[in-house]
Amino acid sequence: DQQVKQNSPSLSVQEGRISILNCDYTNSMFDYFLWYKKYPAEGPTFLISISSIKDKNEDGRFTVFLNKSAKHLSLHIVPSQPGDSAVYFCAACHSGNTPLVFGKGTRLSVIA
Amino acid sequence: DAGVIQSPRHEVTEMGQEVTLRCKPISGHNSLFWYRQTMMRGLELLIYFNNNVPIDDSGMPEDRFSAKMPNASFSTLKIQPSEPRDSAVYFCASSQGNPHQPQHFGDGTRLSIL
């Protein structure tokens, strides 16, 4: 049973527009959430995170929103650039020594 | 700074053979993780170590899989005997300190079992 779900396997967005990637989770014990970005033939790289005590965290063009009541988080990229084309993984964990649980990823294509 | 180093980058072998994947974590990191990525199941955690001690190996598929971390700078994931369904990309990651510290991933080993 998947605890972290990314229901959209792929997303295409025009350059300059907003990209919104979504993630849902089922485990109410999760209190820390991360987004990773992965290019082909490379490992995932950390992008941005958010703690459950916040509902928004922003870093440059990237903003993560957390809706705890809906068990939903989203990653917004504004403006989208062709270099943002990659697979984005959502991950979650519970405080303490618990490992990350990853979603299956969403492939973002930013079209010039 | 050197990142997480995995070897080999690619491995092609026949079923039944032993396969050993290697990982060198980032110096100073005290947690090490082995993941497997497949189309069907995404990124799955196989096992993780903290201070060289295996903490959770519940993700290891079966007894054919084993992992060791003899010291802070080296870990291996071994499959013996290998089967075609083991074909996947295997990632190693390391992190420092508390679990909220982001994990740093290697570039993976693409394993093909014929």
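Chain naming here is simple, since letters A, B, ... match the order of the sequence lines and numbering starts at 1 in each. Just so it is clear, the structure is predicted and the values come from calculations on it, not from any experiment. For the numbers below, each heavy atom of this structure counts, side chains included, while hydrogens, waters and symmetry mates do not.
The aromatic rings of A:Y36 and A:F46 stand perpendicular to each other, their planes meeting at an angle above 60°, with 30° marking the opposite boundary. The aromatic rings of B:Y35 and B:F105 sit tilted relative to each other, their planes meeting at an angle between 30° and 60°.
The distance between the ring centers of A:H76 and A:F65 falls below 6.0 angstrom. Between A:Y25 and A:F33, the ring centre distance stays below 6.0 Å.
Heavy-atom distances place no part of B:R110 under 4.5 Å from chain A, backbone and side chain included. At a 4.5 Å heavy-atom cutoff, the contact between A:F89 and chain B is made by side-chain atoms alone. Proximity to chain A (any heavy atom under 4.5 Å) is restricted, for B:L45, to the side chain, taken from C-beta onward. Using a 4.5 Å cut-off between heavy atoms, B:Q6 does not touch chain A at all.
Panel note: side chain A:N57, backbone A:S49; a donor-acceptor pair is recorded below 3.5 Å.
For B:H29, the side-chain hydrogen bond (donor to acceptor under 3.5 Å, both in side chains) test picks out B:S94, with sequence neighbours left out.
Proximity to chain B at a heavy-atom threshold of 4.5 Å picks out nothing from residues 105-112 of chain A.
For residues 8-92 of chain A, the disulfide (SG to SG under 2.5 Å) pairs, not counting sequence neighbours, are A:C23-A:C90.
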Identify each donor-acceptor pair in which a side-chain atom of residues 64-73 of chain B lies under 3.5 Å from a protein atom, sequence neighbours left out, and give them as a table.
unit_1, atom_1, unit_2, atom_2, d
B:R64, NE, B:E62, OE1, 2.9
B:R64, NH1, B:P81, O, 2.8
B:R64, NH1, B:D86, OD2, 2.7
B:R64, NH2, B:D86, OD1, 2.9
B:R64, NH2, B:D86, OD2, 3.4
B:N71, OD1, B:S73, N, 2.9
B:N71, OD1, B:S73, OG, 2.9
B:N71, OD1, B:F74, N, 3.2

